[in-house]
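First comes the structure, then the notes that go with it.
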Amino acid sequence: MANADIKEIILIATIIFLLAPTFLVLYVNLYNQRKKKHIEEKALLESRFQQELLKTQVEMQEQTLNYISREIHDNVTQVLSFVKLNLAMPAKATHEQVSVKIDESRNLIAQVINDLRDLSKSLSYDHIVQLGLVKTIEIEAGRINKSGIIKIDLAIGGNAQGLGEQRELVLFRIFQEALNNALKHSGAKQLKISLDYFDHLFNLTIQDNGVGFLAAELPNGGSGLKNIVNRAALIGAAAVIDSAPGKGCCIKISIDPLTQHTHANGDYHSAG
């Protein structure tokens, strides 16, 4: 081998030897930067999730307080007023008449006590955590059916299992929002709600038989529906909202109970 070749090899080896630490330092710096960015993004995502969770809890409280206010005004106050009239009996009332009025008043007061007990249980979102998603939605559906505003058909498929406190709070709030949208805007007479539990999948489906809509024609671009989708995304769920004029609206939330990650963004589409 010629001396020139040996010198060239030595030069190349020296350059590689000198540059290797530089490349190593650059690689370590790049890795640390990416790691730092990942940690910051994860922290930001967690912060957004906690903020959204707090917002969800506050909105649920507001929704509950509005319901309690209506119940006290429309139900409890009227019943107590009737009791007051019952007890204002004329002086000439017979013993039998007095006994009937007292029995009626006793039954009405017992009804009011039960209603107030139910209302007190709903003052906090904690009852959702204690009862679970299925029972809470059953109670809400029963309340709506009792009011006669709309007919709700509720179906539970599979073996119900806990999805986690935070997820169930968000899912219930999504249910509340979908229910309110149906009551205010759809003109629907019937609402079908199903909770389906599979080994690696949970579906919450809310379908009405109302007027339907085109997403492009919604005020503010359908911000309420986007809010539902974004909230679903925050708990790692996918949301699909399908609707068309005259065909009602179907909102479907799907989530794998085994996944732990959350997302920050979501999207939806409208059929038709």
Side-chain angles (χ1 to χ4, degrees), residues 45-46 49-50 52-53 55-57 59-60 63-64 118 121-122 124-146 150-183 186 188 190-210 224-243 248-271:
L45 188 60
E46 180 64 24
F49 178 77
Q50 293 300 328
E52 188 64 31
L53 186 63
K55 180 182 177 183
T56 296
Q57 293 170 351
E59 288 177 346
M60 287 169 57
Q63 180 76 16
T64 300
D118 291 338
K121 290 179 181 178
S122 64
S124 172
Y125 65 84
D126 288 340
H127 77 288
I128 299 174
V129 176
Q130 296 168 359
L131 297 177
L133 183 64
V134 172
K135 186 62 178 178
T136 307
I137 289 182
E138 284 178 345
I139 292 174
E140 191 75 356
R143 178 180 71 82
I144 296 297
N145 279 332
K146 182 180 177 181
I150 192 174
K151 184 179 185 300
I152 294 182
D153 293 324
L154 178 63
I156 312 297
N159 296 319
Q161 56 182 299
L163 302 173
E165 175 183 323
Q166 294 177 334
R167 281 177 170 174
E168 293 201 343
L169 287 174
V170 174
L171 286 169
F172 182 73
R173 180 55 191 157
I174 289 174
F175 161 77
Q176 278 189 324
E177 288 183 293
L179 178 61
N180 287 338
N181 287 339
L183 294 177
S186 73
Q190 185 180 40
L191 197 64
K192 293 182 179 180
I193 301 169
S194 62
L195 291 83
D196 297 304
Y197 291 84
F198 305 95
D199 290 340
H200 299 287
L201 181 67
F202 167 77
N203 289 330
L204 168 63
T205 306
I206 305 163
Q207 184 172 8
D208 67 59
N209 64 348
L225 297 177
K226 288 181 179 178
N227 188 42
I228 288 176
V229 176
N230 289 333
R231 283 187 169 167
L234 282 172
I235 57 171
V240 176
I241 302 176
D242 288 329
S243 184
C249 176
C250 179
I251 299 174
K252 186 173 183 178
I253 312 296
S254 302
I255 187 171
D256 182 348
L258 301 181
T259 59
Q260 298 298 324
H261 62 280
T262 57
H263 304 278
N265 300 306
D267 196 6
Y268 78 96
H269 70 274
S270 176

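Values in this document were obtained by computation on a predicted structure and should not be read as measured data.
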Worksheet, complete the sentence: Smallest heavy-atom separation, Gly236 atom then Ile255 atom, equals O-CG1, 3.8 Å
Fill in: Rounded distance (nearest 0.5 Å) linking atom CG of Asp208 with atom CD1 of Ile193
10.5 Å
Worksheet item: To the nearest 0.5 Å, what is the distance between CD1 (Ile152) and CG (Leu179)?
Response: 5.5 Å
Worksheet entry | Nearest-0.5 Å distance that lies between atom NZ in Lys252 and atom CD in Gln207 | 10.5 Å
Worksheet item: How about Leu195 and Phe175: do any of their side-chain heavy atoms sit closer than 4.5 Å?
Response: no
Practice prompt. Would you mind reporting whether Ile174 and Ile253 have side-chain heavy atoms less than 4.5 Å apart?
Written response: yes
Item to complete: Report the C-alpha distance between Ile228 and Asn181 in whole Å, list the side-chain angles of each, state the deciding distance to 0.1 Å, and finish with yes or no for side-chain contact (heavy atoms from CB on, under 4.5 Å).
Response: CA-CA 11 Å; Ile228 288 176; Asn181 287 339; 4.1 Å; yes
Worksheet, complete the sentence: Output for pair (Phe202 CZ, Arg167 CZ), nearest 0.5 Å, gives 11.0 Å
Discussion item. Assess the residue pair Leu171 and Leu163 against the criterion (side-chain contact (heavy atoms from CB on, under 4.5 Å)); give the C-alpha distance rounded to whole Å, side-chain angles, the decisive distance to 0.1 Å, and a yes or no.
Written reply: CA-CA 10 Å; Leu171 286 169; Leu163 302 173; 3.6 Å; yes
Worksheet item: So which heavy atom on Asp196 is nearest to which on Ser194, and how close?
Response: OD2-OG, 3.6 Å
Could you tabulate the donor-acceptor pairs under 3.5 Å formed by side-chain atoms of residues 153-161, not counting sequence neighbours?
{"from": "Asp153", "atom 1": "OD1", "to": "Lys151", "atom 2": "NZ", "distance (Å)": "2.5"}
{"from": "Asp153", "atom 1": "OD2", "to": "Gln190", "atom 2": "NE2", "distance (Å)": "2.6"}

Response to the item:
Rounding to 0.5 Å, atoms CG (Leu169) and CZ (Arg231) come to a distance of 11.5 Å
Discussion item. Would you compute the distance between atom OH of Tyr197 and atom CG of Asn203 and round it to the nearest 0.5 angstrom?
Written reply: 11.0 Å
Item to complete: State, to 0.1 Å, how close Ile150 and Ala188 come at their nearest heavy-atom pair, and which atoms those are.
Response: CD1-O, 3.6 Å
